[in-house]
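One structure is given below, encoded as structure tokens.
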Amino acid sequence: MAVYLVTGGAGFIGSHIVEALVRQGHQVRVLDNFSTGREDNLAAVRDQIDLRRADIRDAEGIGPCFEGVDYVVHEAALASVERSMTDPLTSNAVNIGGTLNVLVTGRNAGVRRVVFAGSSSAYGNGTALPRVESLESRPLSPYALTKVTGEHYCEMFMTLYGLETVSLRYFNIFGPRQNLNSQYSGVISIFLGAYLRGETPILYGDGEQMRDFTFVDNAVEATLRACTAPAAAGKIINIGAGKGQTLNQVIERLNDVLGSHLTPRHAPPRPGDVRSSYADISLARSILDYEPRIGFEEGLRRTVEWSRSQFASKGTV
């Protein structure tokens with residue numbers, strides 16, 4: 001079996017990837033600085049992985065983590081459009097500088113392939129729906145720009161140095177382990193956290209903005225396929241559910257699952273937010289043999305169940 005390094009492997013998506021790799025019998029090394037990741041996320045596999053505390057901004061410090069590695073899944077990032085608007089310097093340092101360190105170190109270590117966690121925010125506010133990979137990138141925020149820059153670096157390293165890279169444009173991934181307390185988290189986890197705390201969530205805008213909500217297990221499966229699929233090398237590939245829902249529709253479905261009447265408080269739209277977006281996943285289907293197996297309702301049920309269990313066990317979220 002292969003040796004995998006997962007940067008940001010103690011985070012939301014990263015920890016699910018780590019678990020899936022362990023189940024497949026691979027050797028797994030995790031690199032995380034625990035700024036947002038949590039060791040609790042890896043509790044089920046802690047004794048089966050090599051966990052390293054390191055920061056991707058530290059080029060020298062991360063070097064030993066890459067020794068003997070076949071595949072790198074680069075999930076480490078400082079997420080959130082909102083956070084990047086208030087602190088673009090840190091977003092740049094982590095998401096661009098850190099990604100460059102990962103690519104250089106991976107090239108020097110002779111890894112086979114780096115799979116980069118990109119973002120659908122790359123598309124910006126273009127009117128064409130669904131979003132297809134051939135559309136021009138129009139980032140509206142520093143965060144989106146950092147992710148587009150990461151894609152360009154990946155393409156460049158494959159062209160110049162022969163390091164195989166794949167960039168996956170994740171659409172709105174949700175599921176267990178997404179932070180219920182952070183204002184920078186995904187909208188579903190923000191709403192769930194507010195509900196469990198007995199608070200009124202804030203909905204920025206009129207709620208008619210459209211998103212492609214994709215359960216985390218689907219994204220994990222696509223990511224693992226991207227590590228080894230021969231035709232994926234050098235590509236930018238959308239990973240989503242392939243359908244859009246408005247935030248108002250999501251609130252209705254959330255209320256159905258919760259058995260509640262959650263009504264958000266509206267606030268003005270935030271700068272940098274995209275109005276509507278959902279993925280064309282034709283390329284993922286053809287190259288990765290990807291199909292989102294877990295639908296939105298089932299994913300939402302699992303997420304609510306996990307969120308309630310967190311609240312029940314800790315008395316808080």
Side-chain angles (χ1 to χ4, degrees), residues 5-8 13-14 31 55-59 62 66 71-81 83-85 87-126 128 130-171 173 219 222-223 226-227 229-240 272 274 277 279-284 287-288:
L5 171 64
V6 183
T7 72
I13 299 175
L31 185 166
D55 193 308
I56 58 172
R57 289 172 290 186
D58 179 5
I62 66 175
F66 286 73
Y71 302 101
V72 176
V73 181
H74 179 34
E75 298 288 327
L78 195 61
S80 170
V81 165
R83 177 158 40 195
S84 76
M85 301 286 284
D87 185 10
L89 287 174
T90 305
S91 291
N92 189 87
V94 175
N95 297 350
I96 296 179
T99 295
L100 182 56
N101 286 338
V102 167
L103 291 168
V104 169
T105 310
R107 178 202 64 185
N108 293 345
V111 304
R112 296 185 196 175
R113 181 177 290 186
V114 175
V115 175
F116 171 67
S119 169
S120 62
S121 63
Y123 292 112
N125 254 342
R131 305 298 196 207
V132 63
E133 292 87 349
S134 58
L135 290 171
E136 179 185 0
S137 298
R138 296 181 176 180
L140 297 178
S141 66
Y143 170 75
L145 181 59
T146 67
K147 287 299 186 178
V148 172
T149 303
E151 293 176 351
H152 287 313
Y153 263 127
C154 285
E155 291 176 323
M156 184 175 292
F157 266 68
M158 185 161 173
T159 301
L160 294 181
Y161 306 115
L163 172 63
E164 288 192 1
T165 61
V166 184
S167 295
L168 301 180
R169 284 184 176 170
Y170 291 148
F171 281 67
I173 312 299
T223 303
C227 290
K235 298 293 195 301
I236 294 171
I237 306 173
N238 288 338
I239 303 300
V274 172
S277 180
D280 182 315
I281 57 175
S282 302
L283 189 61
I287 289 181
L288 304 179

Residues that R113 engages under salt bridge (Lys or Arg N to Asp or Glu O under 4.0 Å), provided they are two or more places apart: E164
How far apart are the closest heavy atoms of P142 and S84, and which atoms are they? CG-O, 3.5 Å
Steps toward side-chain contact (heavy atoms from CB on, under 4.5 Å) verdict (Y170, T223): CA-CA 10 Å; Y170 291 148; T223 303; 2.7 Å; yes
List for me each residue that meets side chain to side chain donor-acceptor pair (under 3.5 Å) alongside S119, sequence neighbours excluded, and say none if there are none. S121
Restricting to non-hydrogen atoms, name the atom on Y143 and the atom on A79 that form the minimum distance, rounded to 0.1 Å. CE1-CA, 3.7 Å
State which residues pass side-chain contact (heavy atoms from CB on, under 4.5 Å) with D58; sequence neighbours excluded, sorted by chain then number. E60
Among all residues two or more places apart in sequence or in another chain, which pass the ring-ring contact (aromatic ring centres under 6.0 Å, His included) test with F116? H74
When every non-hydrogen atom of V102 is compared with those of I62, the smallest separation belongs to N-CD1, 4.4 Å
I'd like to check the ring-ring contact (aromatic ring centres under 6.0 Å, His included) partners of F157; sequence neighbours left out, ordered by chain and number. Y161
Kindly write out the residues that satisfy ring-ring contact (aromatic ring centres under 6.0 Å, His included) with Y153, not counting sequence neighbours, or none if the list is empty. none
A144 and A122: which non-hydrogen atoms are nearest, and at how many Å? CB-N, 4.5 Å
Return a table of donor-acceptor pairs under 3.5 angstrom between the side chains of residues 103-110 and protein atoms on other chains or two or more places apart.
residue, atom, partner, partner atom, Å
T105, OG1, N101, O, 2.6
N108, ND2, V104, O, 3.4

Taking side chain to side chain donor-acceptor pair (under 3.5 Å) as the definition, give me every residue that meets it alongside D55, ordered by chain and number, with sequence neighbours left out. N33, R57
Taking only residues two or more places apart in sequence, or in another chain, which ones meet A226 in a side-chain contact (heavy atoms from CB on, under 4.5 Å)? V115, V166, L168, L288
Quick one: closest heavy-atom pair of C154 and T165, and the distance? O-OG1, 2.9 Å
For the residue pair G14 and V6, what are the closest heavy atoms and their distance? O-CG1, 4.0 Å
Decide yes or no on side-chain contact (heavy atoms from CB on, under 4.5 Å) for L140 and N125, but give the supporting numbers first. CA-CA 8 Å; L140 297 178; N125 254 342; 3.5 Å; yes
For E151, give me all partners under salt bridge (Lys or Arg N to Asp or Glu O under 4.0 Å), at least two apart in sequence or on another chain. R169
Looking at T99 and I96, would you say the former's side chain and the latter's main chain have a donor-acceptor pair under 3.5 Å? no
Main-chain N/O of G272 paired to S141 side chain as donor or acceptor, under 3.5 Å: no
Whether T7 side chain and L31 backbone form a donor-acceptor pair below 3.5 Å: no
Side chain to side chain donor-acceptor pair (under 3.5 Å) involving T90 - partner list, sequence neighbours excluded: D87
Quick one: side chains of residues 230-239, donor-acceptor pairs under 3.5 Å with protein atoms, not counting sequence neighbours, listed by atom name and distance.
residue, atom, partner, partner atom, Å
K235, NZ, A231, O, 3.4
N238, OD1, Y123, OH, 2.6
N238, ND2, Y123, OH, 3.4
N238, ND2, R131, O, 2.8
N238, ND2, D280, O, 3.1

